Protein chains: 2
Amino acid sequence: MKLRASGLGKNNAYTKRLNRQTVLGLLRRDPAQSRAELARVTRLSPQSVSNIIGDLEQAGLIEPAGKVYGGKGQPATNYRIVAERGYGIGLHLDRDFVRATLIDFAFEPKARLRSTLTTSSAKGVQAALGRLIDKLITKAGISPDLVWGIGIASPSLRDERVIDTESLEGSLWSALHSYEIDRRLAHDKGLPVIVENDANAGALAEATFGKAQGLRDFCYLFLAHGFGAGIVHDGALFQANAGEIGRLQIVHEGKTVLLESIVSIEHLLDRLGASGSARDREAGFAGLVEARRKETEKWIAQSAPHLRWLVGTLENILDPETIILGSDLPEWVLDRLIELAEPLPHNIALRSTRTAPRLQKGLLDRDMIGLGAATMPLLATIEADPASRWKISGTVFDVFHGLDD
Amino acid sequence: MKLRASGLGKNNAYTKRLNRQTVLGLLRRDPAQSRAELARVTRLSPQSVSNIIGDLEQAGLIEPAGKVYGGKGQPATNYRIVAERGYGIGLHLDRDFVRATLIDFAFEPKARLRSTLTTSSAKGVQAALGRLIDKLITKAGISPDLVWGIGIASPSLRDERVIDTESLEGSLWSALHSYEIDRRLAHDKGLPVIVENDANAGALAEATFGKAQGLRDFCYLFLAHGFGAGIVHDGALFQANAGEIGRLQIVHEGKTVLLESIVSIEHLLDRLGASGSARDREAGFAGLVEARRKETEKWIAQSAPHLRWLVGTLENILDPETIILGSDLPEWVLDRLIELAEPLPHNIALRSTRTAPRLQKGLLDRDMIGLGAATMPLLATIEADPASRWKISGTVFDVFHGLDD
DNA sequence: GTGATTTACTCAACTGAGTGGATTTAGGTA
DNA sequence: TACCTAAATCCACTCAGTTGAGTAAATCAC
């Protein structure tokens, strides 16, 4: 039966795809489940689940993972995702460098690379990214055919550059948009390419690897050169243009300014008198921050009240389950920021059903954003209800293809 | 085939229900469409649509609405919703009064009533609401059996009262929550009762009757005694605890205060020196506002910058298609507020794909909130993808019941 | 006018999704 | 050893939407 895509009406083929994706999604999130267990969760009949499991196994997406003894009745056969069945590549494009990560279908990181980009021409960047991807695949020791796609996270994603264009000129993400590097890369590699902003990728990473696992409503604040937020509501990411928290107007010392003119690494580095390569993340502004600890503390003291205000604002508008603060700053800076943000405003977030902290530190992995980016092609390939409706260059694989004939 | 509700897996029965709801939803939003047209939109086969149309007609939900001549080929038979097939009742509970509205299945208002509540005991309120509903049904001249449910909109909806409890004590909505009037009313009337906050109900009303028709992402700001927002994202309402914009912290004349301590009718009335019944909406604070125009202008001048800030803040966080300002204040006050809110902040909302104004005035119907509340039981009964996952007391009718045997 | 053309709609056979009851399997338990 | 329980399967079945042939009723071209 043909699947009539993108229509409002649903047919059996659609249902089948949905159920396959649902079962696969459950196995991905919680490894090792039996047919009977899946039937209970999905409320499908054991027979249907059995058929689906058979299909997925035939497609090489899952495999048996031993039997469970100890209970009454016949022991159940557990199944798990076949980690080596597919891979996702994530590129984190920052101002001065690129980090590339590769994760397998079990969402385990397999290889990482970083590279400082010397060229700033769009064509040069395109070529450099292509080489980096090849190198990453080689390093992981996998077949290029098994890569399902490429996710790109860049600091700013706007369909139009109505603001601060000058600060973007000549940068990587300028090339990304004006030169359509994503489309060209998709063509070069024959793979789907998905672009997101860094904060959204970070939110995906926290949802997959970090503090937001299992949460359906949360905010991820990414304190970088700028200050952005990835907002997840009802399990889905907000579109790229939302979450521009750095551009919120605040009053600082009597003057109305943008939040990120205070709360951003950019501003911290200004205060520390950093210049040239000392501003680069790779060259290690972390060292500078350590060396100028006193001045950094002052910045923290100044920023914390604004963070407190931001938490209250986001809570009042969005009522998330938790707010996660991520950054490449040293851990003690984040700890201190969160510490000084207390006491958080008295508002609805104080409800007794709360389980997660109102404000917490994110994972500290430096490849966080790249990891999130790497999940995108995997999610786009297998998820029934993808975290977001991404703009995708190229065509996503149909992992179920060939099962029906 | 049995529908296995609330499971993750889908079966044929689920698909059938979904397709029926989809077709019905299309006919509701755009009256008079033919089978062939619906088949094109839904991407279902003409045969399937024909079957569905047959079912819906047999259930009395739709009826033929004439043939379309003029084009080539056989003229198409249009169908439309049967307006008299069902009704929704909306109650707008404010501090000092209740407005009740009844709309038919074509979402046309059929009867309105208002009542000042003298009693404040929970039991008394319950009884009064019951009588008001009966009166409304009588006034509309319809059979009580045809009412599909009751929607209640109240100024504040919080699952717990962690804030400002004293200002809620003894009020209608205090009774609503602590005494569970919704549950009791559902039991009394044998009807499903759905509770929402007033701003969310207003957002529903704008989406159904007003400026937000066809929009999937917008904010509705409801400037009342307090200041709340209904947020619609991807066609769905945010849960009740979100949108508490009145509790955002702003800096006013050097002091940090809550937004609604300035931008709210409560504060305006304070400034106008209103007391007692002059504060009531029904007794007409509008007259007072007119009489004290100069002082009102001052309040507007003071509030507008905060409104400007709020628009920028919401845009940066949520990136809505439009922001709608609703209120019971006189029209000129809203016009002036919006006028003085210009120039709006320079941000991503300036994108060229914009079609709706960034900030606009909502419908001025005084029953706006009640109308939105009245849509809730109708939507809950027929929508495939309900605007929100409401907490519903009682059981929603199954309008398709009896079709399958 | 007349016939070709176009479009709406229907009939009846069909495909294939999940279902349900009987059955087999394989461990625990008395 | 005999019984119980739960997992998994066999197979006939139900009933979604689909398909393709066919009919009805309008407009269009000459």
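Values below: every heavy atom of this structure, side chains too, minus hydrogens, waters and symmetry copies. Every chain is numbered from 1, with letters handed out A, B, ... down the list of sequences. Nothing here was measured: the structure is a model prediction, and the numbers come from that model.
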> Leu8(B) has an atom CG; how far is it from atom C1' of dG18(C), in whole Å?
16 Å

> Think Asn11(A) has a side-chain N or O under 4.0 angstrom from the OP1 or OP2 of dT18(D)?
yes

> Rounding to an integer number of Å, can you tell me how far Asp55(B) CG sits from dC15(D) C1'?
12 Å

> Got a sec, which residues hit ring pair (Phe, Tyr, Trp, His ring centres under 6.0 Å) with Phe105(B), two or more places apart in sequence or on another chain?
Trp148(B)

> Run the salt bridge (charged side-chain N to carboxylate O under 4.0 Å, His left out) test against Glu57(B) and tell me which residues pass, sequence neighbours left out.
none

> Only pairs under 3.5 Å count here: list side-chain donor-acceptor contacts from residues 203-210 of chain B, not counting sequence neighbours, and write none if there are none.
residue: Glu206(B); atom: OE1; partner: Lys211(B); partner atom: N; Å: 2.9
residue: Glu206(B); atom: OE2; partner: Leu363(B); partner atom: N; Å: 2.8
residue: Thr208(B); atom: OG1; partner: Leu204(B); partner atom: O; Å: 2.8

> Check the distance between dG18(C)'s P and Leu38(A)'s CG and give it to me in whole angstrom.
14 Å

> May I ask you to verify if any side-chain N or O of Asn51(B) is less than 4.0 angstrom from the OP1 or OP2 atom of dA16(D)?
no

> What integer distance in Å separates Tyr14(B):OH from dG17(D):C1'?
16 Å

> Ignoring hydrogens, what is the shortest heavy-atom contact between Glu383(B) and Arg29(B)? Give both atom names and the distance.
OE2-NH1, 3.6 Å

> Relative to Tyr79(A), does Arg35(A) satisfy both conditions: NZ or CZ under 6.0 angstrom from the six-membered ring centre, and within 45 degrees of the ring's axis?
no

> Restricting to salt bridge (charged side-chain N to carboxylate O under 4.0 Å, His left out), what partner residues turn up for Asp30(A), sequence neighbours left out?
none

> Between dT19(C) atom P and Arg43(A) atom CZ, what is the distance in whole Å?
11 Å

> Rounded off to whole Å, could you give me the CG-to-P distance for the Leu44(A) and dG20(C) pair?
11 Å

> Residues two or more places apart in sequence or in another chain: which of them pass salt bridge (charged side-chain N to carboxylate O under 4.0 Å, His left out) with Lys391(A)?
Asp182(A)

> Ser48(A) side chain N/O closer than 4.0 Å to the phosphate oxygens (OP1, OP2) of dT19(C)?
yes

> Within this structure, what is the CG-to-C1' distance between Asn12(B) and dT15(C), rounded to whole angstrom?
12 Å

> To the nearest Å, give me how far apart OH (Tyr69(A)) and C1' (dA6(D)) are.
14 Å

> Quick one, give me the B/S/- string for nucleotides 6-13 of chain C, reading 5' to 3', where B means a protein heavy atom under 4.0 Å from the base and S means that only happens at the primed atoms, P, OP1 or OP2.
BBBSBBB-

